[in-house]
**Student:** 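Here it is: the structure, laid out below.
Here the structure is a predicted model, which is why all the values come from computation and not from measurement. Below, read A as the first sequence line, B as the second, and so on, with proteins coming before strands; counting in each chain starts at 1. Atoms considered below: every heavy atom in the structure, side chains included; atoms not considered: hydrogens, waters and symmetry mates.
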There are 2 protein chains.
Amino acid sequence: MKGKRLPAHGRLEPAFRRLASLVPLDEAAMEALIDAASHARQFKARSQLLAEGQPLRDPLLLLKGWAARTRVMEDGRRQIIEFVLPGDVVGHGCPTMPADAVTLVALTPVSLCIAPAPSVSSQLEAAYVHGRALNEAYLFGQIARLGRMNAHERLEDLCVELFDRLDLAGLTEKNGFAMPITQEIVADALGMTPVHVNRMVQQARQTRTLSWGGGVLTLHDADAMRRRVGRPRILPACMA
Amino acid sequence: MKGKRLPAHGRLEPAFRRLASLVPLDEAAMEALIDAASHARQFKARSQLLAEGQPLRDPLLLLKGWAARTRVMEDGRRQIIEFVLPGDVVGHGCPTMPADAVTLVALTPVSLCIAPAPSVSSQLEAAYVHGRALNEAYLFGQIARLGRMNAHERLEDLCVELFDRLDLAGLTEKNGFAMPITQEIVADALGMTPVHVNRMVQQARQTRTLSWGGGVLTLHDADAMRRRVGRPRILPACMA
DNA sequence: CGATCCATTGATTCTTATCAAAATAGGTGG
DNA sequence: CCACCTATTTTGATAAGAATCAATGGATCG
């Protein structure tokens, strides 16, 4: 397969585009990705992609749709640990260590494939490393959000994180992006009740901070918001 | 150096003992650890061990004392992302990616050394992998704690986590352990105010759930507590 | 002995959860 | 295209949980 046959960067599959944003990928990497994607599997929303504590043979690459790692308590309280977006790799950590007590669920219809082995290209490996580092940073962000921000700040902070993450995959347009999840799911991520999320959304709409409707979320001033939540944009090293 | 010269398991340096709990270590690993520890550096409480975003040449191994990764907001709010305890390795992630916006600070006087390269022994490498996996699980635990538990549960959950983690390093006695940090620091970890932490501690004392005083924390029934917080004990794979 | 840090207590306010219900949107089959 | 069903969003009223403000008491350490 020749380079000519690869799609132009602007039209890349979002998941590939995100990886290529982290580290420019060579042809070997692209071919491996395209091959892996050709064996992708589809899952319905709400399907459990990975059971709690299930050991993971191969790391998975999310191609399309949104997923989340969640933890559910006995009484039903649910916490989303992290969102998994197109281009994210899950299960890089430790194949032998199923201690996580965390489940991977599809939040929307999802397309998944096995992540090509890092050995096919050093660029691909570097992209994985950077991806892991970014995801760790997002985890830290989630902790700070839950621990030290109020409801209003949490919502803004999450919106900015989602925007920045989706932007790496080319899944944003100007100041907005497709937001395929419900307020209830946002509540599960932010450690709040759906009712309160709704109130915060109302408030943000009134202050013209954001619009959210019809499955599209728009940040009216992403930079101002980023400043307000004290979160410098998290970028991979190669773009800093 | 011969095996005979190695200290008996029961008298191992806690940091080594923790690593050895994850994966039994061979002589090469032990020697590398002992050698690394001989170049350890001491730091005072509150010293900043790693500045925000500073790239990390070599991963560090904490030998003695407690540290924490923290994030501080502009207005002074502080969140402890995770505690770093003896035997924990910091900076394994991604040497090239300083996007973290997280700082490593000593909570007590601390002794640190450069973690021996995993290449010295496959057992050591495996121990690192398991250590990373455990630490990721602790991170997830922290998120669920902050997102979905009330103040009382958070305190209990953290106590159980600390107990289990210290136990791996042999730093517990029966049901208790040395607790070298203040309620204010616990508050920073639990996303609460020091005042409220204090109230929860009072309450836990009255219900004879725990004792905390004179730098020692005792869990009167760790298993019951573990059940109450719905947290199966997190163990490395080799001990499950 | 003063100074400082930490733990503790009380009074009050603010935030967020909870409960209940109405309105809206989306999807399906007729 | 409509009627209907279900999921989601929205609104209101109230209660619980945690923060805030303000002090006091107890240690410990030069």
Side-chain angles (χ1 to χ4, degrees), chain A residues 44-46 66 73 75-80 105-109 145-159 178-207 210-218, chain B residues 44-46 66 73 75-79 105-109 144-159 178-207 210-218:
Chain A
K44 284 184 293 191
R46 288 169 207 225
W66 289 27
M73 296 171 64
D75 58 6
R77 283 178 283 182
R78 180 170 100 140
Q79 177 63 43
I80 289 182
V105 292
L107 299 175
T108 69
R145 190 149 59 211
L146 293 172
R148 284 297 176 220
M149 291 185 181
N150 62 33
H152 170 252
E153 293 168 319
R154 278 187 240 182
L155 178 63
E156 290 202 343
D157 189 62
L158 177 63
C159 289
M179 182 78 168
I181 59 176
T182 65
Q183 296 183 356
E184 185 174 9
I185 290 174
V186 171
D188 283 341
L190 296 183
M192 324 194 302
T193 57
V195 173
H196 203 56
V197 167
N198 184 267
R199 283 189 233 275
M200 294 301 105
V201 171
Q202 303 296 328
Q203 183 186 310
R205 282 191 189 121
Q206 279 170 8
T207 58
L210 57 80
S211 311
W212 180 7
V216 173
L217 194 155
T218 305
Chain B
K44 285 184 292 191
R46 293 172 202 221
W66 289 27
M73 296 171 63
D75 59 6
R77 282 178 284 182
R78 182 170 98 140
Q79 178 63 42
V105 290
L107 300 174
T108 70
R145 190 149 60 213
L146 293 172
R148 284 299 177 216
M149 292 186 181
N150 62 31
H152 170 253
E153 294 168 319
R154 278 187 238 183
L155 178 63
E156 290 202 343
D157 189 62
L158 177 63
C159 289
M179 183 75 168
I181 59 175
T182 65
Q183 296 184 356
E184 184 174 9
I185 291 174
V186 171
D188 283 340
L190 295 183
M192 324 194 303
T193 56
V195 173
H196 204 56
V197 167
N198 184 269
R199 281 189 236 274
M200 294 301 106
V201 170
Q202 304 295 330
Q203 183 185 310
R205 282 191 188 119
Q206 280 171 8
T207 58
L210 57 78
S211 310
W212 180 8
V216 173
L217 194 155
T218 305

**Student:** In whole Å, what is the span from the CG atom of A/Asn198 to the P atom of D/dT10?
**Tutor:**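 Roughly 4 Å, once rounded to whole Å.
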
**Student:** Within residues 179-195 of chain B, find the residues that approach DNA chain C with a heavy atom at under 4.0 Å, and present them sorted by residue number.
**Tutor:**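 Nucleic-acid contacts, sorted: B/Thr182, B/Gln183, B/Val195.
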
**Student:** With side chains defined as the heavy atoms from C-beta onward, is the minimum distance between B/Met149 and A/Met73 less than 4.5 Å?
**Tutor:**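 B/Met149 vs A/Met73: side chains touch.
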
**Student:** Tell me which residues in residues 147-155 of chain B lie within less than 4.0 Å of DNA chain D, going by non-hydrogen atoms.
**Tutor:** B/Asn150, B/Ala151

**Student:** Are the side chain of A/Thr108 and the backbone of A/Trp66 linked by a donor-acceptor contact shorter than 3.5 Å?
**Tutor:**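 It does hold such a pair.
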
**Student:** Could you state the interatomic distance from CG (A/Leu158) to CG (A/Leu217), rounded to the nearest 0.5 Å?
**Tutor:** 9.0 Å

**Student:** With the side chain counted from C-beta on, respond yes when A/Met192 and A/Leu155 share a heavy-atom pair under 4.5 Å apart, and no when they do not.
**Tutor:** no

**Student:** Just checking B/Arg205: base, sugar-phosphate only, or nothing, at a heavy-atom cut-off of under 4.0 Å?
**Tutor:** sugar-phosphate

**Student:** Supply the atom-to-atom distance A/Glu156 CD to A/Leu210 CG, rounded to the nearest 0.5 angstrom.
**Tutor:**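 Here the rounded value is 7.0 Å.
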
**Student:** For A/Ala106 and A/Lys44, which heavy atoms make the closest approach, and how far apart are they?
**Tutor:** CB-O, 3.5 Å

**Student:** Starting at NE2 of A/His196 and ending at P of D/dT9, how long is that distance when rounded to a whole Å?
**Tutor:**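 Atom-to-atom, A/His196 to D/dT9, this comes out as 16 Å.
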
**Student:** Can you give me the first and the last nucleotide of DNA chain C (5' to 3') that has an atom within less than 4.0 angstrom of a non-hydrogen atom in chain B?
**Tutor:** C/dC6 to C/dA11

**Student:** Do A/Asn150 and A/Glu153 have side chains that get closer than 4.5 Å, going by heavy atoms?
**Tutor:**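 SC-SC contact between A/Asn150 and A/Glu153 confirmed.
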
**Student:** Quick one: pull up CD in B/Gln202 and CZ in B/Arg199 and give me the separation to the nearest 0.5 Å.
**Tutor:** 9.0 Å

**Student:** Compare all side-chain heavy atoms of A/Arg46 with those of A/Val105 and state whether any distance is below 4.5 angstrom.
**Tutor:**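 Of all side-chain heavy-atom pairs linking A/Val105 with A/Arg46, none is under 4.5 Å.
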
**Student:** At less than 3.5 Å, do the side-chain atoms of B/Arg199 and the base atoms of D/dT20 form a donor-acceptor pair?
**Tutor:** yes

**Student:** Just how large is the angle between the end axes of the helix from C/dC1-D/dG30 to C/dG30-D/dC1, five pairs per end, to 10 degrees?
**Tutor:**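 The end-segment axes of the helix from C/dC1-D/dG30 to C/dG30-D/dC1 are tilted 50° relative to each other.
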
**Student:** Expressed in angstrom and rounded to an integer, what is the separation of A/Leu146 atom CG from D/dA18 atom P?
**Tutor:** 15 Å

**Student:** Along nucleotides 23-30 of chain D, 5' to 3', which nucleotides get a B, which get an S, and which get a -, given that the test is a protein heavy-atom distance under 4.0 Å?
**Tutor:** --------

**Student:** Show me, pair by pair, the donor-acceptor contacts under 3.5 angstrom made by side chains of residues 183-191 of chain A, not counting sequence neighbours?
**Tutor:**
unit_1   : atom_1 : unit_2   : atom_2 : d
A/Gln183 : OE1    : A/Asn198 : ND2    : 2.8
A/Asp188 : OD1    : B/Arg148 : NH2    : 3.2
A/Asp188 : OD2    : A/Arg78  : NE     : 2.8
A/Asp188 : OD2    : A/Arg78  : NH2    : 3.2

**Student:** Kindly compute the distance separating OG1 (B/Thr218) from CE (B/Met179), expressed to the nearest 0.5 Å.
**Tutor:** 11.0 Å

